[in-house]
Amino acid sequence: MVELSCKSEYAILALLELADCYEEGEPLQIRQIAAQQNIPDRYLEQLLATMRRCGLIRSQRGAKGGYILAREPWKITLLEIINCLEGSEFDRSEKDSPAQTVESAVIWEVWQEARSIANSVLQKYTLQDLCEKRNGRRQLDIMYYI
């Protein structure tokens, strides 16, 4: 089925860091994001370059430079992020059907339905939603000691 690749997971983790700083408008440097999310610097650099080309983030040069989200966190969907990183292979259309037999056609139809449902879920969630879910879980994890 649809699996979350390491590449996509690291990218979403990096975007969550950028979403946290969005309101302040302060860019984050690669080393800050990498240290906070435990992502290898070189790999993160490649992911950020890809996401910059897709228009998800912007880079800012200078001593206080780094990366910032190109849009508000509530306007960036998970589907958009996945499509940016995984390419159009993730979101192929039904016309690509290799159906040569009735059995192949049936299998392909079910696969397309599953893919469509997965895409609609990914389209529904934004970076803001993930931030809110994470913050809610952090609140639950707080222990009070007497």
Side-chain angles (χ1 to χ4, degrees), residues 1-61 64-142:
M1 280 311 300
V2 178
E3 292 185 28
L4 181 64
S5 69
C6 184
K7 174 172 46 172
S8 291
E9 183 176 1
Y10 280 167
I12 293 169
L13 290 171
L15 289 171
L16 286 173
E17 286 299 313
L18 295 175
D20 282 343
C21 300
Y22 181 77
E23 293 298 321
E24 292 84 41
E26 295 292 321
L28 287 179
Q29 295 179 348
I30 291 174
R31 62 181 163 72
Q32 292 172 293
I33 300 168
Q36 192 68 24
Q37 291 298 333
N38 199 23
I39 303 170
D41 290 37
R42 290 276 189 211
Y43 193 49
L44 180 58
E45 193 173 337
Q46 294 170 5
L47 294 175
L48 292 172
T50 299
M51 290 188 291
R52 187 177 50 75
R53 285 190 298 273
C54 290
L56 295 174
I57 61 174
R58 292 185 290 124
S59 59
Q60 188 172 314
R61 293 181 176 260
K64 295 198 178 218
Y67 291 89
I68 55 177
L69 292 179
R71 288 174 283 153
E72 296 90 346
W74 56 89
K75 290 186 178 177
I76 300 174
T77 68
L78 293 182
L79 182 61
E80 184 179 5
I81 298 164
I82 301 292
N83 283 340
C84 168
L85 295 158
E86 305 298 339
S88 60
E89 185 68 22
F90 182 78
D91 194 28
R92 287 195 334 220
S93 68
E94 290 181 26
K95 67 178 179 253
D96 295 335
S97 172
Q100 295 154 1
T101 66
V102 172
E103 292 83 0
S104 294
V106 169
I107 292 167
W108 186 256
E109 286 171 16
V110 172
W111 179 255
Q112 289 305 310
E113 182 181 350
R115 186 178 296 194
S116 175
I117 291 168
N119 284 352
S120 70
V121 170
L122 293 171
Q123 181 65 41
K124 177 177 121 179
Y125 286 101
T126 66
L127 280 177
Q128 184 69 37
D129 295 326
L130 290 184
C131 287
E132 290 170 4
K133 280 180 173 285
R134 180 208 48 211
N135 294 342
R137 290 228 177 129
R138 283 182 177 167
Q139 290 295 330
L140 292 175
D141 288 344
I142 295 175

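Between atom CD1 of residue Ile33 and atom CG of residue Leu28 there is a gap of 5.0 Å, rounded to the nearest 0.5 Å. Between atom CG of residue Leu78 and atom CG of residue Asn119 there is a gap of 11.5 Å, rounded to the nearest 0.5 Å. Taking CD of Gln128 as the reference point, atom CD1 of Ile76 lies at 10.5 Å (rounded to 0.5 Å). Atom CD1 of Ile68 is separated from atom CD of Glu26 by 9.5 Å, given to the nearest 0.5 angstrom. Between the CG atom in Asp41 and the CD atom in Gln29 there is a gap of 11.0 Å [rounded to 0.5 Å]. Atom CD of Glu45 sits about 6.5 Å away from atom OH of Tyr67, to the nearest 0.5 Å.
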Please set out all donor-acceptor pairs under 3.5 angstrom arising from side-chain atoms of residues 53-61, sequence neighbours excluded.
unit_1 : atom_1 : unit_2 : atom_2 : d
Arg53  : NH2    : Thr50  : OG1    : 3.3

Show me the donor-acceptor pairs, under 3.5 Å and distance only, between side chains in residues 4-19 and residues at least two apart or in other chains.
unit_1 : atom_1 : unit_2 : atom_2 : d
Ser5   : OG     : Ser8   : N      : 3.0
Ser5   : OG     : Ser8   : OG     : 3.2
Ser5   : OG     : Glu86  : OE2    : 2.4
Lys7   : NZ     : Leu85  : O      : 3.1
Ser8   : OG     : Glu86  : OE2    : 2.6
Glu17  : OE2    : Gln37  : NE2    : 2.7

Go through the steps for Leu127 and Ile81 under the test side chain to side chain contact (heavy atoms under 4.5 Å, CB included), then give the verdict.
-> CA-CA 10 Å; Leu127 280 177; Ile81 298 164; 3.9 Å; yes
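Looking at every heavy atom in both residues, Gln123 comes nearest to Leu79 through OE1-CD2, 3.2 Å.
Around atom CD of Glu113, no more than 12 heavy atoms belonging to other residues, nucleotides or ligands sit under 6.0 Å away. For Tyr125, the OH atom is loosely surrounded, since the number of other residues' heavy atoms within 6.0 Å does not exceed 12. Within 6.0 Å of CG in Asn135 there are more than 12 heavy atoms belonging to other residues, nucleotides or ligands.
A heavy-atom distance below 4.5 Å is not found between the side chains of Lys64 and Pro27. Gln36 has its side chain out of reach of Asp20: every pair of non-hydrogen atoms, C-beta onward, lies at least 4.5 Å apart.
With no hydrogens or angles considered, a side-chain donor-acceptor pair links Asp129 and Thr126 at under 3.5 Å.
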